[in-house]
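Start at 1 with the first residue, then count along the sequence.
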Amino acid sequence: MTVQSVVAAGRRAALARMTSRVNIWRRVGLSEQDEDNGSEAVVWAAVYVDHPFRLGGSERGGSSTHTVSVGGVEMQLATRVGNLPHDTDDLMDGDLIEVISGEGAAVDSVFRIVEADWADQQTARRVPVVAADRPEEWP
């Protein structure tokens with residue numbers, strides 16, 4: 001038994017547990033300015049569509065909250081762990097995960113990736129996420 005075979009078996013098991021499906025979106029800019037009212041809409045690009053996913057609790061030994069500043073007021077947001085296939089390699093901090101199917105109350109939820117750091121020999125790509133509002137520009 002080799003390290004590679006153990007990791008491969010772990011990846012198959014982790015993927016089997018990813019019973020939810022998600023779209024992952026990235027903010028790519030602003031639309032052209034509306035000549036009538038001067039507004040610009042945020043433009044989003046789909047990075048992954050109908051991608052396997054599992055929403056877990058907080059990371060073992062890690063912080064279960066993330067501090068954000070909103071209007072000069074610091075707030076603590078609950079941090080969860082988003083599990084994606086190990087080869088999900090095009091992620092960035094701030095990407096949004098839209099849960100489109102799966103178990104329970106998470107369906108139709110949106111989560112923001114806090115840190116998209118990569119690690120080797122993982123059975124899944126695990127990223128810390130916080131709940132986020134659905135952007136108005138989305139259908």
Side-chain angles (χ1 to χ4, degrees):
M1 184 177 302
T2 66
V3 170
Q4 292 83 2
S5 66
V6 171
V7 171
R11 288 175 175 166
R12 286 189 300 275
L15 184 60
R17 294 186 63 203
M18 296 177 201
T19 57
S20 295
R21 305 298 287 192
V22 298
N23 294 330
I24 301 177
W25 298 90
R26 179 169 300 146
R27 181 182 173 156
V28 293
L30 296 172
S31 65
E32 292 185 19
Q33 192 171 27
D34 184 312
E35 292 181 21
D36 294 332
N37 63 19
S39 66
E40 295 176 308
V42 175
V43 177
W44 296 89
V47 180
Y48 291 96
V49 175
D50 197 25
H51 202 61
F53 179 75
R54 184 175 74 82
L55 182 63
S58 61
E59 189 71 60
R60 285 179 285 176
S63 174
S64 60
T65 62
H66 178 73
T67 304
V68 296
S69 180
V70 178
V73 177
E74 286 193 353
M75 298 173 35
Q76 298 285 322
L77 299 177
T79 304
R80 310 278 300 272
V81 177
N83 294 267
L84 298 150
H86 77 280
D87 57 355
T88 305
D89 58 0
D90 186 13
L91 296 176
M92 293 178 62
D93 296 359
D95 284 351
L96 295 183
I97 298 173
E98 171 191 27
V99 182
I100 57 173
S101 70
E103 292 184 32
V107 175
D108 295 328
S109 296
V110 176
F111 298 92
R112 180 176 50 82
I113 296 176
V114 176
E115 292 179 26
D117 294 340
W118 182 86
D120 63 353
Q121 296 186 7
Q122 286 191 318
T123 56
R125 180 81 186 264
R126 294 176 185 88
V127 293
V129 298
V130 293
D133 292 329
R134 175 179 293 276
E136 294 176 9
E137 303 84 15
W138 287 7

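- Contact annotation: the side chain of Leu96 approaches that of Pro135 to within less than 4.5 Å [non-hydrogen atoms, C-beta and beyond].
- Closest approach of Val49 and Ala46 over heavy atoms only: CG2-CB, 3.8 Å.
- A distance of 13.0 Å separates CD1 of Ile100 from OG of Ser109, quoted to the nearest 0.5 Å.
- Using a 4.5 Å cut-off on side-chain heavy atoms (C-beta onward), Thr19 and Phe53 make no contact.
- Cluster note: Met92 groups with no other residue, as no ILVMFWY side-chain heavy atom lies under 4.5 Å from it.
- Every residue meeting the side-chain hydrogen bond (donor to acceptor under 3.5 Å, both in side chains) condition with Thr88, not counting sequence neighbours, appears here in chain and number order: His51.
- Shown here are the side-chain hydrogen bond (donor to acceptor under 3.5 Å, both in side chains) partners of Asp120, two or more places apart in sequence or in another chain: there are none.
- Across every non-hydrogen atom of Leu84 and Pro52, the tightest pair is CD2-O, 3.5 Å.
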Task: Stepwise side-chain contact (heavy atoms from CB on, under 4.5 Å) check, Val114 with Val130 - done: CA-CA 7 Å; Val114 176; Val130 293; 3.8 Å; yes

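- If you chain together hydrophobic residues whose side chains sit under 4.5 Å apart, Val99 and Val129 fall into the same group.
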Under 3.5 Å donor-acceptor pairs involving side-chain atoms of residues 5-13, not counting sequence neighbours:
{"from": "Ser5", "atom 1": "OG", "to": "Thr2", "atom 2": "N", "distance (Å)": "3.1"}
{"from": "Ser5", "atom 1": "OG", "to": "Thr2", "atom 2": "O", "distance (Å)": "2.8"}
{"from": "Ser5", "atom 1": "OG", "to": "Thr2", "atom 2": "OG1", "distance (Å)": "3.3"}
{"from": "Arg11", "atom 1": "NE", "to": "Gln122", "atom 2": "O", "distance (Å)": "2.8"}
{"from": "Arg11", "atom 1": "NH1", "to": "His86", "atom 2": "NE2", "distance (Å)": "3.4"}
{"from": "Arg11", "atom 1": "NH2", "to": "Gln122", "atom 2": "O", "distance (Å)": "3.3"}

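- Every residue two or more places apart in sequence or in another chain was checked for a salt bridge (Lys or Arg N to Asp or Glu O under 4.0 Å) with Arg27, and none qualifies.
- Applying the salt bridge (Lys or Arg N to Asp or Glu O under 4.0 Å) rule to pairs touching residues 90-105 yields Arg26-Asp90, Arg26-Asp95, Glu98-Arg134, sequence neighbours excluded.
- Contacts of Glu137 classified as side-chain hydrogen bond (donor to acceptor under 3.5 Å, both in side chains), with partners at least two apart in sequence or in another chain: Trp44.
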TODO: Decide side-chain contact (heavy atoms from CB on, under 4.5 Å) for Leu91 and Ile24; before the verdict, give the C-alpha distance in whole Å, the side-chain angles of both, and the deciding distance to 0.1 Å.
DONE: CA-CA 9 Å; Leu91 296 176; Ile24 301 177; 3.9 Å; yes

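- Counted by atom type alone, Thr123 and Arg126 present one or more donor-acceptor pairs between their side chains at under 3.5 Å.
- Gly56 and Asn83 make their closest contact through N-ND2, 3.9 Å (heavy atoms, listed as atom of the first residue, atom of the second, distance).
- Residues Met18 and Pro85 approach most closely at SD-N, 3.5 Å, considering heavy atoms.
- Heavy atoms only, all atoms of each residue included: Arg125 and Asp89 are closest at NH1-CA, 3.7 Å.
- For residues 94-118, there are no ring-ring contact (aromatic ring centres under 6.0 Å, His included) pairs, not counting sequence neighbours.
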TODO: Any chance you could lay out the side-chain contact (heavy atoms from CB on, under 4.5 Å) test for Ile97 and Trp25, step after step, and finish with the verdict?
DONE: CA-CA 6 Å; Ile97 298 173; Trp25 298 90; over 6 Å; no

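- Contacts of Asp50 classified as salt bridge (Lys or Arg N to Asp or Glu O under 4.0 Å), with partners at least two apart in sequence or in another chain: Arg21.
- With hydrophobic clusters built from ILVMFWY side chains whose heavy atoms lie under 4.5 angstrom apart, Val22 shares a cluster with Val47.
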Task: Stepwise side-chain contact (heavy atoms from CB on, under 4.5 Å) check, Leu30 with Val42 - done: CA-CA 5 Å; Leu30 296 172; Val42 175; 4.0 Å; yes

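- Under the salt bridge (Lys or Arg N to Asp or Glu O under 4.0 Å) criterion, Asp133 pairs with no residue at all, not counting sequence neighbours.
- Under the side-chain hydrogen bond (donor to acceptor under 3.5 Å, both in side chains) criterion, Asn37 pairs with Ser39, sequence neighbours left out.
- Listed here is the closest heavy atom pair of Ala45 and Val28: CB-CG1, 3.7 Å.
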